[in-house]
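The structure appears right after this line, and notes come after that.
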Amino acid sequence: MSDGTRADGPRADPPGPAGSGRHAVVVGGGLAGITAALALADAGLGVTLLEGRPRLGGLAFSFQRGDLTVDNGQHVYLRCCTAYRWFLDRIDGAALAPLQDRLDVPVVDLDKPAGRRLGRLRRDALPVPLHLGRSLATYPHLSLAERARVGRAALALKGLDLSDPALDTQDFGSWLAAHGQSARAVEALWDLVGVATLNAVASDASLALAAMVFKTGLLSDPGAADIGWARVPLGELHDRLARKALDSAGVRTEVRTRVTSVSEDGNGRLRVQIPGETLTADAVVLAVPQRETHDLLPPGALDAPGDLLRIGTAPILNVHVVYDRKVLDAPFLTALGSPVQWVFDRTDASGLRSGQYLALSQSAVHDEIDLPVADLRARYLPELQRLLPGTGGAEVQDFFVTRERTATFAPTPGVGRLRPGARTRTPGLYLAGAWTATGWPATMESAVRSGVSAAEAALGALGRPRPRRLFPVEEAA
Ligand SMILES: Cc1cc2nc3c(=O)[nH]c(=O)nc-3n(C[C@H](O)[C@H](O)[C@H](O)COP(=O)(O)OP(=O)(O)OC[C@H]3O[C@@H](n4cnc5c(N)ncnc54)[C@H](O)[C@@H]3O)c2cc1C
């Protein structure tokens, strides 16, 4: 048995500031686990981070395909994602994933008899809610009456109390219908934003989560919805730079190390089992998906551990197309009247030297996630031709897909009461993960917030001061 490390032989404090003598083990090297490990190490604990896969980054990672570096899925964040922005700063990666100066989303409607029509969702330098007023007033994909009704619904949404538990019992689609939103307004505006952020259409989404997204992103601060994304492969941020930050914080990181059980040792500490070895720790943060958490929890750790298995999942498909020439003259755009959702130019980030590499991010595609590649090719290439006139005559040099069947938890009504907070009934054991009770949908922001909450809870119980550089977060439920 070793003490928070895999070292054989006599017990040795893992490297860590000030050698506090307290050890924490973090299970799972996604954004939640990386965050928890950094926070615990910054507070002076010896920390071991255990990740089953050969790399850090969890659901937000990159891989090689020949000369191309590919992200498993396009990831974006918003200016209001203050915890993820803190994380980017903490790993020295903010400059590699900058934000737009000002929200600007090109929206192309392909449903017009007269051909494609471009509209834009933009903000002005005006206070909320006027910052979106001009954009809404001139949004060509809705009628004048629909635009006026959108404005009224936005004000009603702003008035919702996010702490009201009743919000989680309703679906967003019914609420929108009750507030005068036509099917067209849902498609051309609410779902345009909601599907990408919630990974569900309005009728499948909890009003609590939808209200949280729209209130925070569009109705809190004028710049809140400005979009940021990595100009480098995700692995550069979430694996290489995260690893560097962990190393300099003194965290011992072990990849290819799958935890098989967590138990109490009877002396107030916890035992973490990995193949061939048992680690002991004063605190353990389980930062793995809900199903794996369920399987690793010691008996009695949660009142209703079965709830974790009742949290559904939702898929995200990415369709990757390499053309022999430039076909998209914008960093990204989004489409209406087409199965295509969001299209991003990944050329520079992927290292492609000639031509253009586009990634289509397709959220909540329950019916498509298992379709054969040939079917997806037959479906999406003609759609891209309709969407991007520049594809006429262009040669497709590569076409492939990445499928994440359990990309996020399903943000269905009622999911709120299934999401546990950071604390468990087992002393020293804490939970983290985008799926825990952060109030946010399954996002990088939620993952980082959960990691901070779990670390804070652990530090509080150990009587350790919170590190000053840690992101401030309200305690999870
Ligand atoms: C295709 C796709 C697109 C997305 N787009 C966006 C987006 O645009 N914006 C956004 O904010 N979010 C997006 N998300 C969601 C975001 O990626 C996740 O919410 C976030 O990365 C989850 O982080 P996490 O640390 O909570 O969990 P995970 O990333 O799931 O990390 C858990 C880790 O635990 C490890 N693990 C599991 N079991 C064990 C074990 N027994 N022992 C050791 N390790 C174990 C896993 O290997 C994994 O690395 C997207 C997700 C996907 C898949």
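These numbers come from a predicted model, not from an experiment. In each ligand, atom 1 is the first atom listed, and ligand 1 is the first ligand listed.
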Quiz item: Does ligand 1 have any atom sitting under 4.0 Å from a heavy atom of His238?
Solution: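 It does not, in that no heavy atom of His238 comes within the 4.0 Å cut-off of ligand 1.
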
Quiz item: Of all the heavy atoms in Asn199, does at least one lie under 4.0 Å from an atom in ligand 1?
Solution: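 No.
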
Kindly say whether [Y] contributes a backbone atom to a donor-acceptor pair with the side chain of [X] at under 3.5 angstrom?
| X | Y | result |
| --- | --- | --- |
| Thr334 | Gln341 | yes |
| Arg258 | Arg256 | no |
| Asn199 | Ala364 | yes |

Give me the atom names and distance for the closest heavy-atom approach of [X] to [Y].
| X | Y | result |
| --- | --- | --- |
| His366 | Ile369 | O-CG2, 3.9 Å |
| Trp86 | Thr35 | CZ3-CG2, 3.8 Å |
| Leu167 | Ser206 | O-OG, 4.3 Å |
| Trp440 | Met212 | CE2-CE, 3.2 Å |
| Val128 | Leu219 | CG1-O, 3.5 Å |
| Ala202 | Asp191 | N-OD1, 2.9 Å |

From [atom], work out which of [options] has a heavy atom at the shortest distance.
| atom | options | result |
| --- | --- | --- |
| atom 23 (O) of ligand 1 | Ala359, Gly52, Ala447 | Ala447 |
| atom 22 (C) of ligand 1 | Ala196, Gly30, Ala434, Ala60 | Ala434 |
| atom 51 (C) of ligand 1 | Glu404, Arg405, His75 | His75 |
| atom 53 (C) of ligand 1 | Gly433, Ala407, Gly57, Pro289 | Ala407 |

Counting non-hydrogen protein atoms only, what is the nearest one to [atom]? Give residue, atom name and distance.
| atom | result |
| --- | --- |
| atom 34 (O) of ligand 1 | Gly28 CA, 3.4 Å |
| atom 8 (O) of ligand 1 | Val76 N, 2.8 Å |
| atom 21 (O) of ligand 1 | Leu59 CB, 4.0 Å |
| atom 32 (C) of ligand 1 | Ala287 O, 3.5 Å |
| atom 5 (N) of ligand 1 | Gln74 O, 3.5 Å |
| atom 45 (C) of ligand 1 | Val288 CG1, 3.6 Å |
| atom 48 (C) of ligand 1 | Glu51 OE1, 3.4 Å |

Practice problem: List the steps, then state whether ring-ring contact (aromatic ring centres under 6.0 Å, His included) holds for Tyr380 with Phe399. | Solution: CA-CA 10 Å; Tyr380 281 104; Phe399 181 100; 7.9 Å; no

Practice problem: Could you tell me the separation between the CD atom of Gln356 and the CG atom of Leu328, rounded to the nearest 0.5 Å? | Solution: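 Between Gln356 CD and Leu328 CG, I get 5.0 Å after rounding to 0.5 Å.
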
Self-check item: Lys/Arg N to Asp/Glu carboxylate O, Arg79 vs Asp221, below 4.0 Å
Solution: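 Here Arg79 does not pair with Asp221 in a salt bridge, since their nearest N and O are not under 4.0 Å apart.
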
Quiz item: Is Arg310 paired with Asp307 through a side-chain N to carboxylate O contact shorter than 4.0 Å?
Solution: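 Counted as a salt bridge, because a side-chain N and a carboxylate O are separated by less than 4.0 Å.
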
Which atoms from ligand 1 have a heavy atom of [X] less than 4.0 Å away?
| X | result |
| --- | --- |
| Leu50 | 43 (C), 44 (N) |
| Ile316 | 1 (C), 2 (C), 3 (C), 4 (C) |
| Ala32 | 25 (O), 26 (O) |
| Val27 | 42 (N), 43 (C) |
| Gly58 | 29 (O), 31 (O), 48 (C), 49 (O) |
| Leu31 | 25 (O) |
| Ala442 | 15 (C), 19 (O) |

Practice problem: Might you check, step by step, whether the distance between atom 19 (O) of ligand 1 and some protein heavy atom is under 4.0 Å? | Solution: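 Looking at atom 19 (O) of ligand 1, one finds that a protein heavy atom does lie closer than 4.0 Å.
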
With heavy atoms only and a cut-off of under 4.0 Å, state how [X] meets ligand 1: side chain, backbone, both or neither.
| X | result |
| --- | --- |
| Thr257 | backbone |
| Arg258 | both |
| Met444 | both |

Is it the case that ligand 1 has an N or O less than 3.5 angstrom from some N or O of [X]?
| X | value |
| --- | --- |
| Gly73 | no |
| Asn318 | no |
| Gly33 | no |

Practice problem: Would you check, one step at a time, whether the test side-chain hydrogen bond (donor to acceptor under 3.5 Å, both in side chains) holds for Thr438 with Ser446? | Solution: CA-CA 6 Å; Thr438 62; Ser446 182; 2.7 Å; yes

